[in-house]
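Written out below as structure tokens is the structure these notes cover.
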2 protein chains.
Amino acid sequence: MDDQMEEYRKRQREQYQKRQQDGTEQTEAPADEKGNSGQVSAAAAADLVEASVQDAGAASSSAGASAGTGASPPSGSLKLVTWNVDGLDEGQIQLRHTALADWIKTHKPDIVYLQEVVYPTLRILRKHLTSTYDIIIPTNPRPDPSDMESLTRGIPCAYFCAVLLNKQSIQACGAPDSKWYPQSCMMRHLLSIRARPTAASAKDAELLLGTSHLESTAEYKNERVNQLSIVATNMEGWLSDPDTPSVCTVIVGGDLNLRDPEVKAAGVPSHIRDVWELLGKPDSCRYTWDMAANDNLVMQGGGKPRCRFDRLFIGQRPQGSASPPSGRYRWVPQSIEMVGTDRLSSCGRFISDHFGLLVKLELAVPTEGGEGGGSKGQKAKAKAKKGK
Amino acid sequence: MDDQMEEYRKRQREQYQKRQQDGTEQTEAPADEKGNSGQVSAAAAADLVEASVQDAGAASSSAGASAGTGASPPSGSLKLVTWNVDGLDEGQIQLRHTALADWIKTHKPDIVYLQEVVYPTLRILRKHLTSTYDIIIPTNPRPDPSDMESLTRGIPCAYFCAVLLNKQSIQACGAPDSKWYPQSCMMRHLLSIRARPTAASAKDAELLLGTSHLESTAEYKNERVNQLSIVATNMEGWLSDPDTPSVCTVIVGGDLNLRDPEVKAAGVPSHIRDVWELLGKPDSCRYTWDMAANDNLVMQGGGKPRCRFDRLFIGQRPQGSASPPSGRYRWVPQSIEMVGTDRLSSCGRFISDHFGLLVKLELAVPTEGGEGGGSKGQKAKAKAKKGK
DNA sequence: CCGAATGAG
DNA sequence: CCTCATTCG
Ligand SMILES: [Mg+2]
Ligand SMILES: [Mg+2]
């Protein structure tokens with residue numbers, strides 16, 4: 001049972017060593033090198049024979065559920081979940097990831113951030129979700145063998161992040177972006193995509209969505225802090241990018257492997273907030289990786305560590321006087337809960353060694369003369385204080 | 001043989017635990033609480049029965065050897081050695097430290113920085129060197145049991161730093177200062193003393209001398225970086241202290257346990273220089289702690305690590321137009337060599353697991369119209385470049 | 001008093 | 001994919 005630790009380490013090591021050697025050999029890359037915007041289509045997925053075979057029935061999204069039509073006042077809600085789904089644990093992988101797909105079909109989140117996706121689990125997700133979700137994975141930069149820097153990171157990535165967008169409620173705008181942390185020895189990356197809700201009442205309130213799996217283990221604290229700084233810098237850039245004035249809110253999160261002091265160390269600016277903190281730090285979803293509550297992974301020796309590894313950061317476009325129209329919108333967190341906390345009856349294990357975090361957001365228009373709609377959670381107050 | 005490692009760890013742990021408990025009990029403190037300026041006199045050393053019993057014959061110092069008399073042009077040379085003498089290793093301690101005292105009597109350095117002095121070895125040094133050297137050890141602040149912060153550092157210190165000043169060539173000015181790093185879990189401290197050469201030709205070129213043993217082991221990198229920052233801040237303060245305008249040069253060093261990246265991390269200002277680097281980074285004295293060259297300590301498992309743990313930093317008082325007269329002097333490193341590299345014939349071991357660093361300095365007066373004397377080493381050039 | 005790896009809580 | 005302590009090269 002606890003050769004999983006060994007397995008984990010082994011895989012990390014294998015990948016690390018691999019990049020030293022065969023930086024040029026493309027095996028099964030998470031890429032698209034076909035210019036299809038990094039969004040996986042059935043056509044691009046040559047390795048995917050079962051794609052679209054068994055799509056879930058069309059799920060009605062909750063986003064825009066409260067939306068009016070046409071020029072009605074802006075309104076809308078979104079559900080976002082982030083989850084490290086532990087594709088590196090091969091035990092009951094089929095059962096666990098079928099259950100994950102079922103969970104997604106049942107709860108119909110609008111946005112799904114996944115970490116530790118591997119090809120076998122990607123196939124499962126595609127099989128069940130292709131008709132209802134766009135599945136976005138990182139591009140895999142083609143390594144240039146004469147470029148050492150490229151060689152150190154351009155190799156096929158054995159596990160990676162993914163963003164799923166509910167086709168009914170939200171759609172990708174433009175190509176996703178994959179930034180590979182240059183100093184990572186675990187091929188960690190930041191996967192991001194701009195997205196627009198489909199509901200007419202919310203379609204002008206675009207989001208910049210990003211997910212990442214920051215460098216793991218205490219040993220790589222320094223690199224993880226660097227990576228978080230990169231994340232924060234990207235978030236700041238997106239929040240002030242004049243090319244995408246319609247983006248009002250940036251949400252980046254995932255398995256960040258963070259210990260609290262590291263957030264300060266990274267210098268995350270104060271206007272970028274931790275969603276769990278914004279929502280009052282509920283104890284019920286503090287420890288997203290908790291060996292006392294989840295025995296998918298068992299420490300040798302019987303220790304029961306737990307950590308708040310999975311986090312979401314949110315930033316709102318500044319509302320300067322000269323801000324674009326989207327500057328008046330903001331997606332505001334309303335609630336947060338932990339998911340995946342039940343054992344699967346089929347195998348007695350959990351979907352992952354991490355729990356997921358499910359966050360509900362509502363669209364708010366905090367201009368004078370009344371709330372634009374939906375922003376009546378505890379978050380509304382925090383936002384009002386924060387707004388200039 | 002390699003229960004030394006165990007011993008080391010054990011002692012460190014004991015001390016750490018001790019401070020949690022008996023913060024108030026004074027055992028054998030390195031102190032003077034008698035207001036004698038921290039400089040150990042035979043009278044203050046109640047535990048020292050053999051003091052002055054067997055003094056070495058008066059050694060003629062090299063400092064001022066080249067000095068003229070009276071109002072002749074400033075000139076002078078000084079020899080400074082820094083050495084972690086591993087008093088925590090009790091093996092052959094008497095032989096090893098008698099050999100250390102012999103080395104000092106033979107080479108007659110003007111300034112000696114020692115680390116890991118313990119009471120038994122202090123007695124040996126006193127026995128052989130009291131008549132020829134002033135032996136300065138840290139004050140031991142009396143802990144106030146109601147003051148938690150004091151409790152964490154005010155306990156008797158089992159091993160400590162010392163500064164020895166050759167009575168013939170240099171004399172302490174005022175009281176020494178002991179700064180205890182507040183976050184140290186090893187009771188580490190910075191021991192400093194202002195000193196004036198006795199030679200008439202150099203008596204206006206005072207030095208601020210400091211030695212320290214920074215937090216050991218890779219594990220305590222962060223605390224060590226903090227401590228180095230404190231050292232650098234103190235050096236800057238001394239270099240600009242209007243109360244001691246006669247101090248022209250500050251030299252602080254010892255067993256700093258540094259790995260190269262930590263120096264940057266500590267933000268040591270660029271005008272504070274590493275003496276070994278100033279002198280061209282000679283390979284012959286790079287590794288002051290070298291298991292390949294010194295088997296006083298043997299790693300279990302047979303590893304042969306080596307590090308440049310022992311370092312000296314030097315800073316010169318800025319020569320602003322309004323600078324005091326001493327601003328025109330500077331003690332300039334001329335050469336550096338490693339000492340203690342021979343096995344003792346008596347026991348086949350080395351004096352310490354660390355080698356010592358012996359540095360020769362000469363007094364320079366780099367004003368326009370010719371060198372003031374002595375500054376013709378390779379260092380003179382570096383100084384000339386550095387001088388404003 | 002190294003750094004990487006291992007083992008136990 | 002925890003922390004500490006220990007082992008091993
Ligand atoms: Mg994992
Ligand atoms: Mg030592």
> Rounding to a whole Å, what distance do you find between A:Q300:CD and C:dA5:P?
Replying inline: 15 Å
>> Heavy atoms from C-beta onward define the side chain here; which of D:dC1, C:dC1, C:dG7 lies closest to that of B:M299?
In response: C:dC1
> Rounding to the closest angstrom, what is the interatomic distance between D:dG9 and C:dC1 at atom P?
Replying inline: 23 Å
>> Between B:T217 and C:dC1, is there a contact of a side-chain N or O with OP1 or OP2 at under 4.0 Å?
In response: no
> Which part of the nucleic acid, if any, lies within reach of A:D255 when heavy atoms closer than 4.0 Å are counted: base, sugar-phosphate only, or nothing?
Replying inline: sugar-phosphate
>> Given C:dC2, D:dC1, D:dC2, identify the nucleotide with an atom nearest to the side chain of B:F309.
In response: C:dC2
> Do B:D310 and B:T288 have side-chain atoms, one donor and one acceptor, less than 3.5 Å apart?
Replying inline: yes
> Just checking, any donor-acceptor pair under 3.5 angstrom between side chains of B:Y159 and B:T121?
Replying inline: no
> Considering heavy-atom distances to DNA chain C, does A:G303 or A:E219 have its closest nucleotide positioned more toward the 5' end?
Replying inline: A:E219
> What is the distance from CG of A:D260 to P of D:dC2, rounded to the nearest Å?
Replying inline: 15 Å
> Between the side chains of B:Q227 and B:E215, does any donor sit under 3.5 Å from an acceptor?
Replying inline: yes
>> Without decimals, in angstroms, what is the distance between A:M291 CE and D:dT3 C1'?
In response: 13 Å
> Is any side-chain nitrogen or oxygen of A:H354 closer than 4.0 Å to OP1 or OP2 of D:dC2?
Replying inline: no
> Taking NZ from B:K304 and C1' from C:dC1, how many angstroms apart are they, rounded to a whole number?
Replying inline: 14 Å
> With a 3.5 Å cut-off and no angle check, do the side chains of A:S216 and A:R188 form a donor-acceptor pair?
Replying inline: yes
>> Pick the closest DNA chain C nucleotide for B:R259 and for A:G302 by heavy atoms, then say which residue is nearer the 5' end.
In response: B:R259
> Out of C:dC1, D:dC1, C:dC2, which has the shortest distance to the side chain of A:L297?
Replying inline: D:dC1
> Nearest to the side chain of A:D353, which nucleotide is it out of D:dC2, D:dC1, C:dC2?
Replying inline: D:dC1
> Given atom OH of A:Y220 and atom P of D:dC2, what is their separation to the nearest angstrom?
Replying inline: 12 Å
> Are the ring centres of B:F309 and B:F355 closer than 6.0 Å?
Replying inline: no
